[in-house]
Amino acid sequence: MRKKHILLWILLTLLSCSACFAAAACLPLSDSESVQSISGIKIPTEEDYHNTQSNSSGAAAPAEPAVPTPPPTPIPTEEPVFEEYDITLMALGDNLMHMGIVNTGRREDGTYNYSFLFENITEYLAAADIKVTNQETILAGNELGFSGFPKFNSPTQVGDAIAEAGFNVVLHATNHAADQGLAGIEYCASFWEQYPDVLMTGISKDDTASRISYLTIEDITFAILNYTYGPNMEILPFNLMGHLNMLCDYDANTGRISFTALNPQVTEDIMEAEENADIVVVFPHWGTEYQSTPSMYQRNFAEEMTAAGADLIIGTHPHVPQPIEWVTAENGNRALCYYSLGNYVSTQKQIECMLEGMAWVTFHVTETDVYIAEEDTGVLPLVCHYKSGPVRLTGVYPLENYTEEMALKHGIWNYGEVPLHLSDLQSQSQNTFGEMVLSGTDILKTPPGGK
C-alpha cells in the first residue's frame with residue numbers, strides 16, 4: 001500500500017510541472033545538468049516521501065534508543081565447606097643403647113637388626129602423622145666398634161630400624177652427641193642423608209647450618225627445634241661450636257657453659273620459626289638425672305621459650321618421666337610442656353627408669369586456626385622390660401598391658417638387685433602424669449590425619 005501512495009504523489013507532481021518539462025525538452029543537454037535541477041524541481045524519491053510524512057507533524061520522530069540485552073544472571077554456586085581435621089604427633093624418650101640392648105640385636109650370623117625396638121608400638125606409629133624419637137647415643141660408624149656408657153657408639157642399624165619403623169623426626173642434640181668427637185657428629189649427620197624422609201636435627205656437619213627444621217603435614221607447617229644443655233663437658237670445645245645445638249648459654253671466647261642461663265640463640269630461633277611456621281615445637285635435652293620433678297632452670301627455660309613463641313615443649317634426659325603442664329608466659333603466650341618423657345629403652349637399674357611416657361599431641365585444624373586439642377592430648381605410659389643373665393631387652397609395653405607376672409620376671413630383680421611390682425609402676429604413673437594419662441583406645445580412636 002505504501003508504494004501505491006508514493007507513485008500517486010509522484011504522478012500529481014509531474015502533471016503540475018508539465019510545462020517545465022516541456023521547456024526542458026527544448027534546451028540543449030549541455031545547458032542543464034539534469035532534469036532534477038531544472039527550476040529547482042527535484043524528482044521525489046521514496047526517501048523524500050518518508051521525510052515528508054515525518055515532517056507533516058512538524059519534526060522528525062526521534063529514533064527509539066536500542067535497549068541493551070541484560071547479561072545472564074549468574075547461577076549461584078555454593079562455597080566449598082572447609083572440613084576440619086586433626087594432625088597427631090607422638091614422641092618417645094631416650095633411645096639409650098646400653099650394651100645389653102646392642103647385643104640383643106646381634107644375630108647368629110654376626111649381623112645386627114633392631115626392628116624389635118619398636119615392634120610393640122607399631123599401631124601407634126601407624127596412627128601418628130609426626131613420629132619423633134630421641135636418639136640418645138651417637139651413630140659414629142660401626143668401624144669404631146660399639147660401646148656403652150660413658151662414651152657411647154651405637155650401630156648404624158639402629159638408625160636403619162628407626163627409618164624402617166616410620167619415624168620422620170630424629171633428635172640428636174643430647175649430652176652423648178659428642179662422645180666420639182666432631183668426627184662422630186659428622187659421620188652421624190652423613191648417615192641420615194640416605195633417609196631423606198627422616199628429618200634429623202640437633203647436630204650438623206656444617207657449622208653455619210640453620211638450627212630450625214620444618215615439616216609440613218597437610219597444609220600445616222611445623223617448626224622442629226632440638227637443643228642440649230651440653231656435651232658432658234663444662235667447656236664447649238671450639239670445634240663443636242655450630243655443630244651441636246646448645247640450649248645453655250656459653251662464652252664464645254672461652255667455651256665455658258652457663259648451665260642456668262638460656263642460650264639467647266634459642267629464643268631468636270623460636271621467634272624466627274614462629275614467623276615461618278604454624279606450630280613451633282621445641283625438644284630440649286635438659287634437667288637433672290633421676291629427678292621426677294623439673295628443676296627451677298627447666299621451668300625458667302620453659303617460660304622463656306613460651307614467651308618467644310613455642311607452642312609445644314617436649315623434654316628428655318633425666319631418664320625418668322616428669323609432669324606435664326601448661327606454661328603461661330608473662331606476655332600471655334601459652335605452651336604445653338612435657339618436662340621429661342624418661343627413657344624409651346635402657347638397661348638402667350633404677351625402678352623409676354623403667355616407667356616412661358609416649359607423648360601424644362593432637363592438633364585440631366580449622367579454616368582459620370590450628371591449636372592443641374586438649375581432650376585428645378596426653379601421654380601413654382610405657383614400661384621398658386629386660387631380662388638378666390645375660391642382660392637382654394625383651395621389649396617395651398604399654399603399662400595398661402603390663403602384668404604383675406611380667407614385673408616379677410623383670411631383669412631388674414637380679415641386675416639391679418631391686419624388686420619391681422606392677423603397683424610400683426602404676427603409682428609412679430599416677431603421681432607423675434595424673435589426668436594426662438591416655439589409654440590405647442583413646443589414641444587409636446582417630447586414624448592418621450583425623451580421616
inquiry  = Using every non-hydrogen atom in the two residues, find where T201 and N226 come nearest and quote the distance to one decimal.
reply    = O-OD1, 3.4 Å
query = Would the number of heavy atoms belonging to other residues, nucleotides or ligands and lying under 6.0 Å from CD of E435 be above 12?
reply = no
message = With a sphere of 6.0 Å drawn around CG of D219, does it hold more than 12 non-hydrogen atoms of other residues, nucleotides or ligands?
response = no
ask   = Checking ring pair (Phe, Tyr, Trp, His ring centres under 6.0 Å) against H317, which of Y229, Y290, F283 comes through?
value = Y229
inquiry  = Tell me whether the NZ or CZ atom of R106 lies within the 45° cone about the ring axis of F146 and under 6.0 Å from its centre.
reply    = no
inquiry  = Between N276 and E272 (side chain of the first, backbone of the second, donor and acceptor by atom type, cut-off under 3.5 Å), is there such a pair?
reply    = yes
key: Exercise: identify the closest heavy-atom pair between H410 and C384   = NE2-O, 2.8 Å
ask   = Where do Q180 and F152 come nearest, in terms of heavy atoms and distance?
value = NE2-O, 3.2 Å
inquiry  = Counting only heavy atoms from other residues, nucleotides and ligands, does the tally under 6.0 Å from OH of Y214 exceed 12?
reply    = yes
inquiry  = With a 6.0 Å cut-off (strictly less than), is the heavy-atom count around CD of E83, excluding the residue itself, greater than 12?
reply    = no
Please output the side-chain donor-acceptor pairs of residues 249-258 that fall under 3.5 Å, not counting sequence neighbours, one pair per line with the distance.
residue	atom	partner	partner atom	Å
D251	OD1	N253	N	2.7
D251	OD1	T254	N	3.4
T254	OG1	R256	N	3.3

query = Looking just at side-chain N and O atoms, do H172 and Q135 make a donor-acceptor pair shorter than 3.5 Å?
reply = no
message = Restricting to salt bridge (charged side-chain N to carboxylate O under 4.0 Å, His left out), what partner residues turn up for E374, sequence neighbours left out?
response = R334
message = Angle between ring planes, Y85 versus F82, binned at 30° and 60°: parallel, tilted or perpendicular?
response = tilted
task = Evaluate the side-chain hydrogen bond (donor to acceptor under 3.5 Å, both in side chains) criterion for residues Q428 and D424: first the C-alpha distance (whole Å), next the side-chain angles of each, then the deciding distance (0.1 Å), finally the verdict.
result = CA-CA 6 Å; Q428 183 187 1; D424 298 327; over 6 Å; no
query = Side chain of T122, backbone of F118: donor and acceptor closer than 3.5 Å?
reply = no
